[in-house]
Amino acid sequence: SCLTPNSAYTYRINGSPSKELTDINRMIRQGGV
Amino acid sequence: REIGDRLIELKSELEDLEMRECVLDQQRVWVQQSIKNVTEDSHNLPLAYVKHEDICGCFKDDTLLAVRAPSGTQLDVPIPEAVQNDQRKYQIHLKSTIGPIDVLLINQD
Amino acid sequence: AQECQNLEVERQRRLERIKQKQGQLQELILQQIAFKRLVQRNRAAEQHAGRAPPPNSVINLPFIIVNTSKRTVIDCSISNDKFEYLFNFDNMFEIHDDIEVLKRMGMACGLEAGRCSPEDLKEARALVPKALEPYVTEMATGPITNVYMTGA
């Protein structure tokens, strides 16, 4: 409930493009930087 | 005169690009509709599955979670934060408003 | 000269937009081919086996996959109605959608990497409308680079 666009990445199942997942994976790999 | 010629050339090229963009937009709509038709076809639906070994073959030696959720289910990944001892915390939050979410653990061992 | 400069900027913008839209179209074409090939494969396998696979041995589309090292400790909290899940990992993870899985399975004929055998290319072309076949041919050797014009 504390999540905001500045603190989390959001993906909607069957709604968001695959690129969003690529961005999430890159963010995780970079350790949140 | 060179600038004048270039101007005419650019205007013609822009018209051409506009037409190409329209064609692309049209084609995108076609393919999206075609995908919808194919994926919602009642003859294809029962055959739209992958086997566990298919998935394991794509992600060797990893622990896998397969998530099936209603359309529109929100998946949030908070930006990892460093906690004690420089250990980062990684989270996934799934929230559905339409129906239940199914998660299957596929452990290759 | 000013108008020329403005049109140059506009031209560049349009080219970028067209490139982006071609990429999106390319992705959609891959999705269509991958899905159709998956259905074909499963149909052939079921006909050969004379039955469908057990329900608990398959995962129906659509789905997403979360993968992490097998050494990762995963803590999972689930709401009573299963509408909400919270996973805590002590290590990195990745998330992939079903189309990415199909590509890794080879269902997109190698088109996603621009490496496609002549036989696979023939099969891939047959799975898309005729107007889009030139895109498939070009994808077989690399991403769509030319501003491609086909009949509307």
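Labels below follow one simple rule: chain letters A, B, ... track the order of the sequence lines, proteins then strands, and each chain is numbered from 1. Computation of the quantities below employed the complete heavy-atom set of this structure, encompassing side-chain atoms and omitting hydrogens, waters and symmetry-equivalent molecules.
Only the side chain of C/Q24 comes within contact range of chain B, with at least one heavy atom under 4.5 Å from a heavy atom of that chain. Only the side chain of C/R17 has a heavy atom closer than 4.5 Å to any heavy atom of chain B. Contacts between B/L105 and chain C at a heavy-atom distance below 4.5 Å are absent for every atom of the residue. Neither the backbone nor the side chain of C/M107 comes within contact range of chain B; no heavy atom of the residue lies under 4.5 Å from a heavy atom of that chain. With a threshold of 4.5 angstrom between heavy atoms, B/L104 approaches chain C through side-chain atoms but not through N, CA, C or O. B/D102 touches chain C through backbone and side chain together, each having a heavy atom under 4.5 Å away. The part of B/T97 that comes within reach of chain C is its backbone (N, CA, C, O), which places non-hydrogen atoms under 4.5 angstrom from that chain. Neither the backbone nor the side chain of C/T72 comes within contact range of chain B; no heavy atom of the residue lies under 4.5 Å from a heavy atom of that chain.
Interface summary for chain B: among C/V66, C/V128, C/I95, C/V101, the most heavy-atom pairs under 4.5 angstrom belong to C/V66. For chain C, the option among B/L75, B/I98, B/T73, B/I35 with the highest count of heavy-atom pairs below 4.5 Å is B/I35. Ranked by non-hydrogen atom pairs under 4.5 Å with chain B, the options C/E100, C/Q31, C/R71, C/H96 are led by C/H96. The candidate from B/Q74, B/E9, B/K51 with the greatest count of non-hydrogen atom pairs under 4.5 Å with chain C is B/K51.
Between C/R13 and C/E10, at least one side-chain N (NZ, or NE/NH1/NH2) sits under 4.0 Å from a carboxylate O, which counts as a salt bridge.
By the neighbour-count criterion of 12 heavy atoms within 6.0 Å, atom CZ of C/R115 is sparsely surrounded, having that number or fewer from other residues, nucleotides or ligands. Atom CD of B/E2 is surrounded by 12 or fewer heavy atoms from other residues, nucleotides or ligands within 6.0 Å.
At distances below 3.5 Å, at least one donor-acceptor pair connects side-chain atoms of C/K36 with backbone N or O atoms of C/L127. The backbone N or O of B/I101 lies less than 3.5 Å from a partner atom in the side chain of C/Y85, making a donor-acceptor pair. Of the possible donor and acceptor atoms, none in the side chain of B/N37 sits under 3.5 Å from a partner among the backbone N and O of B/S34.
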Side-chain donor/acceptor pairs under 3.5 Å, residues 46-64 of chain C, sequence neighbours excluded:
{"from": "C/E46", "atom 1": "OE2", "to": "B/Y49", "atom 2": "OH", "distance (Å)": "2.7"}
{"from": "C/S57", "atom 1": "OG", "to": "C/P54", "atom 2": "O", "distance (Å)": "2.7"}

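A search for salt bridge (Lys or Arg N to Asp or Glu O under 4.0 Å) contacts involving C/R37 returns C/E123, not counting sequence neighbours. A search for salt bridge (Lys or Arg N to Asp or Glu O under 4.0 Å) contacts involving B/E18 returns nothing, not counting sequence neighbours.
Near-neighbour residues of residues 74-83 of chain C relative to chain B, defined by a heavy atom under 4.5 Å from a heavy atom of that chain, comprise C/I74, C/D81, C/K82, C/F83.
C/M92 places a side-chain heavy atom less than 4.5 Å from the side chain of B/Y90. For the pair C/E8 and B/R6, the minimum side-chain heavy-atom distance is below 4.5 Å.
Between atom CD1 of residue B/I8 and atom CD1 of residue B/I3 there is a gap of 12.5 Å, rounded to the nearest 0.5 Å.
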